[in-house]
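Just below is one structure, and these are the notes that go with it.
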Amino acid sequence: MPVLPLAPATPATPLHIEFRDVPLTDALATPGTLAVFGFGDRAAPRHDDPRYLHVALPSHGCAALECWQVATEVVHGRAGDIAWAQGGGLQFGALEVTDTGDIETAAAQAYARLHDWLSTCAYPHPLRIWNYLDAITFGTGDAERYRRFCVGRARGIGRALAPGDLPAATAIGHPAPSGRFQLYWLAGQHAGTALENPRQVQAWRYPRQYGPQPPGFARALLPASAQMPLLLSGTAAVVGHASQHGEALDAQLDEVLRNLHSLIDTARSQRPALPPRLGAGSRLKVYVRDADAMAHIDALLAQHLPEVPRIVLHGHVCRQELRVEIDGSHG
């Protein structure tokens with residue numbers, strides 16, 4: 001396996017996340033580019049640069065690129081099945097595992113690989129993880145694919161994580177079969193602080209009714225460096241541990257925004273300089289279960305949060321009744 005360049009431990013530089021309507025080659029050529037993401041089945045560009053990842057979630061409107069930038073030189077490469085880029089105390093990494101229907105095994109393989117990778121590189125602390133998988137709510141009872149994914153994730157990690165070790169995370173279903181489980185992450189040389197939402201039961205304490213293995217993530221993560229944004233996990237209309245508002249889309253969106261602002265309040269108790277509300281310094285990815293509702297959700301967000309850049313994607317939330325989920329960053 002190729003050896004990664006040595007990286008002396010340094011405080012993380014600012015991570016800038018932008019949604020840019022530019023050619024992919026221009027985005028990759030921008031100095032300090034740590035990662036670039038293209039969305040959609042057919043419209044998204046293709047490129048073999050390890051800093052670029054194609055995510056098969058169709059986007060609403062302009063298919064903007066999500067770009068991660070740091071203020072230092074970035075080196076990048078591939079190590080077997082892992083694409084990586086690093087600079088400024090941060091590392092982007094991504095891998096894909098074939099999913100032929102057994103998502104538990106696919107997740108276990110991917111997370112075992114991720115665990116081995118982080119344990120041997122200079123960026124051992126996962127700050128933020130994204131999981132994209134097919135048919136996330138297919139199956140009944142404990143055979144549901146999201147529940148099997150949670151079992152496989154825990155199996156791959158191979159040990160129980162302390163609550164303070166949990167990263168922020170998102171798990172979303174592809175709206176059409178892709179045959180792959182996609183895992184990507186932001187890791188750091190320094191650990192962050194896992195945060196929970198006082199309006200919600202911690203995911204890792206969910207009761208047995210949600211499956212044999214509770215989800216393993218924190219609701220948000222506050223990086224060690226004050227120059228880094230607050231990292232928000234995938235957030236849905238859940239209060240306590242229960243889904244809210246049936247399938248009423250507008251009410252669910254309002255509940256999601258209340259949860260996000262609750263997380264911001266929690267983070268500001270430790271970092272008061274964070275803005276008190278979502279605004280121009282926030283970046284949101286919005287996942288909508290029904291493709292026909294994407295324009296409506298986009299219009300509501302334009303009304304409620306006109307200053308907040310966002311990408312609206314067609315993706316399935318991990319419970320059938322949940323119609324919308326939002327993740328992102330805030331700073």
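In what follows, every heavy atom counts, from backbone to side chain, and hydrogens, waters and symmetry copies are set aside. As the structure is a computational prediction, the values presented were derived from the model and not from experiment.
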Legend entry - Min side-chain heavy-atom separation H330-P275 under 4.5 Å: yes
Inset, instruction - Examine distances only and state if a side-chain atom of E321 and a backbone atom of Q244 form a donor-acceptor pair shorter than 3.5 Å. - result: no
Legend entry - Cluster link L186 to L195, ILVMFWY, side chain under 4.5 Å: no
Inset, instruction - Nearest 0.5 Å please: distance from the CH2 atom of W185 over to the CZ atom of R128. - result: 14.0 Å
Inset, instruction - Please report the closest heavy-atom contact between A220 and L263, naming both atoms and the distance. - result: CB-CD2, 4.1 Å
Inset, instruction - Nearest 0.5 Å please: distance from the CD atom of Q69 over to the OG1 atom of T72. - result: 10.5 Å
Inset, instruction - Kindly give the heavy-atom pair with the smallest separation between H190 and A224, and that separation in Å. - result: CB-CB, 4.2 Å
Inset, instruction - Return each pair, listed once, that meets ring-ring contact (aromatic ring centres under 6.0 Å, His included) where at least one residue sits in residues 234-258; pairs must be two or more places apart or across chains. - result: Y210-H241
Legend entry - side chain to side chain contact (heavy atoms under 4.5 Å, CB included) between V36 and H47, intermediate numbers included: CA-CA 10 Å; V36 178; H47 203 286; over 6 Å; no
Legend entry - Test item: T105 side-chain N/O and D102 main-chain N/O as donor-acceptor pair under 3.5 Å: no
Inset, instruction - Check whether any side-chain heavy atom of W130 lies under 4.5 Å from a side-chain heavy atom of K285, and answer yes or no. - result: yes
Inset, instruction - Give a yes or no on whether L284 and L274 share a hydrophobic cluster (residues Ile, Leu, Val, Met, Phe, Trp, Tyr; joining criterion: side-chain heavy atoms under 4.5 Å apart). - result: yes
Legend entry - Any donor-acceptor N/O pair, Q252 side chain to R323 backbone, under 3.5 Å: yes
Inset, instruction - Before accepting this row, confirm whether a basic side-chain N of the pair D327/R283 lies closer than 4.0 Å to the acidic partner's carboxylate O. - result: no
Inset, instruction - Check side chain to side chain contact (heavy atoms under 4.5 Å, CB included) between R199 and all other residues, then give those that pass, not counting sequence neighbours. - result: N197, V239, E255, R258, N259, S262
Legend entry - Q86 side chain vs V75 backbone, donor-acceptor pair below 3.5 Å: no
Legend entry - Heavy-atom check, side chain of R277 versus side chain of I264, under 4.5 Å: no
Legend entry - Residue among T170, V312, L278, V256 satisfying side chain to side chain contact (heavy atoms under 4.5 Å, CB included) with I326: V256
Inset, instruction - Could you tell me whether the side chain of L300 reaches within less than 4.5 Å of the side chain of L249, counting heavy atoms only? - result: no
Legend entry - Heavy atoms from other residues, nucleotides or ligands near CZ of F138 exceed 12 (cutoff 6.0 Å): no
Inset, instruction - Check whether the side chains of T30 and R20 place a donor and an acceptor atom closer than 3.5 Å, and report yes or no. - result: yes
Legend entry - Residue of the set I136, L183, I172 for which side chain to side chain contact (heavy atoms under 4.5 Å, CB included) holds with N131: L183
Legend entry - R145 side chain vs D134 backbone, donor-acceptor pair below 3.5 Å: yes
Legend entry - Donor-acceptor contact present, side-chain T235 to main-chain S233, <3.5 Å: yes
Inset, instruction - Working to the nearest 0.5 Å, report the span between CG of L260 and CG of L230. - result: 9.5 Å
Legend entry - Flag, side chain of R219 to backbone of V201, donor-acceptor distance under 3.5 Å: yes
Legend entry - Separation of L231 CG from S329 OG (nearest 0.5 Å): 7.0 Å
Legend entry - Short side-chain to backbone donor-acceptor contact, T33 and A27, under 3.5 Å: yes
Legend entry - Min side-chain heavy-atom separation V317-T137 under 4.5 Å: no
Inset, instruction - State whether a side-chain donor-acceptor pair under 3.5 Å links E96 with Q182. - result: yes
Legend entry - Minimum-distance pair of heavy atoms, taken over all atoms of L114 and L95: N-CD2, 4.4 Å
Legend entry - Short N-O contact, R78 and D49, less than 4.0 angstrom: no
Legend entry - Same cluster (ILVMFWY, side-chain, under 4.5 Å), M294 and F39: no
Inset, instruction - Would you mind checking if D142 and R147 are paired as a salt bridge, meaning a charged N to carboxylate O distance below 4.0 Å? - result: yes
Legend entry - Co-membership, hydrophobic cluster, residues F149 and L161, 4.5 Å side-chain: yes
Legend entry - Sequence neighbours excluded, every pair satisfying ring-ring contact (aromatic ring centres under 6.0 Å, His included) that has a member inside residues 280-325: H314-H316
Inset, instruction - State plainly whether the residues R310 and D298 are in salt-bridge range, i.e. N to O under 4.0 Å. - result: yes
Inset, instruction - Would you check if Y146 and C318 make a side-chain contact, meaning some heavy-atom pair closer than 4.5 Å? - result: yes
Legend entry - Atom CD of E307: over 12 foreign heavy atoms under 6.0 Å: no
Inset, instruction - Classify the side-chain pair W68/E66 by whether it contains a donor and acceptor separated by less than 3.5 Å. - result: yes
Legend entry - Option among Y52, Y123, F37 that satisfies the ring-ring contact (aromatic ring centres under 6.0 Å, His included) test with F92: F37
Inset, instruction - Consider only side-chain heavy atoms of I, L, V, M, F, W and Y, link residues closer than 4.5 Å, and tell whether V288 and F19 are in one cluster. - result: no
Inset, instruction - Provide the closest heavy-atom pair for G101 versus D99 in the form atom of the first, atom of the second, distance. - result: N-OD1, 2.9 Å
Legend entry - Close side-chain approach of T100 and T98, heavy atoms under 4.5 Å: yes
Legend entry - Neighbour count above 12 (heavy atom, 6.0 Å) for R271 CZ: yes
Legend entry - Between CD on residue Q109 and CZ on residue R155, distance to nearest 0.5 Å: 8.0 Å
Legend entry - Heavy-atom pair with the smallest gap, counting every atom of L221 and G192: CD2-CA, 3.9 Å
Legend entry - Spacing of CD belonging to Q200 relative to CZ belonging to R205, to within rounding of 0.5 Å: 13.5 Å
Legend entry - Criterion side chain to side chain contact (heavy atoms under 4.5 Å, CB included) on L313 and V55, from CA distance to verdict: CA-CA 10 Å; L313 301 170; V55 176; 5.9 Å; no
Inset, instruction - Mind telling me whether H174 and Y132 have parallel, tilted or perpendicular rings, with 30° and 60° as the class edges? - result: tilted
Inset, instruction - Applying side chain to side chain contact (heavy atoms under 4.5 Å, CB included), run through L322 and R289 and close with a yes or a no. - result: CA-CA 8 Å; L322 294 174; R289 176 175 286 275; over 6 Å; no
Legend entry - G40 backbone acceptor or donor facing S59 side chain under 3.5 Å: no
Legend entry - Aromatic centroids of F217 and W204 separated by under 6.0 Å: no
Inset, instruction - Could you tell me which non-hydrogen atom of A56 sits nearest to which non-hydrogen atom of R180, and how far apart they are? - result: CB-NH2, 3.5 Å
Legend entry - Polar side-chain atom of H115 near backbone of Y111 as donor-acceptor pair, under 3.5 Å: no
Inset, instruction - Find out whether P215 and R153 are in side-chain contact, i.e. whether some heavy atom of one side chain is under 4.5 Å from a heavy atom of the other. - result: yes
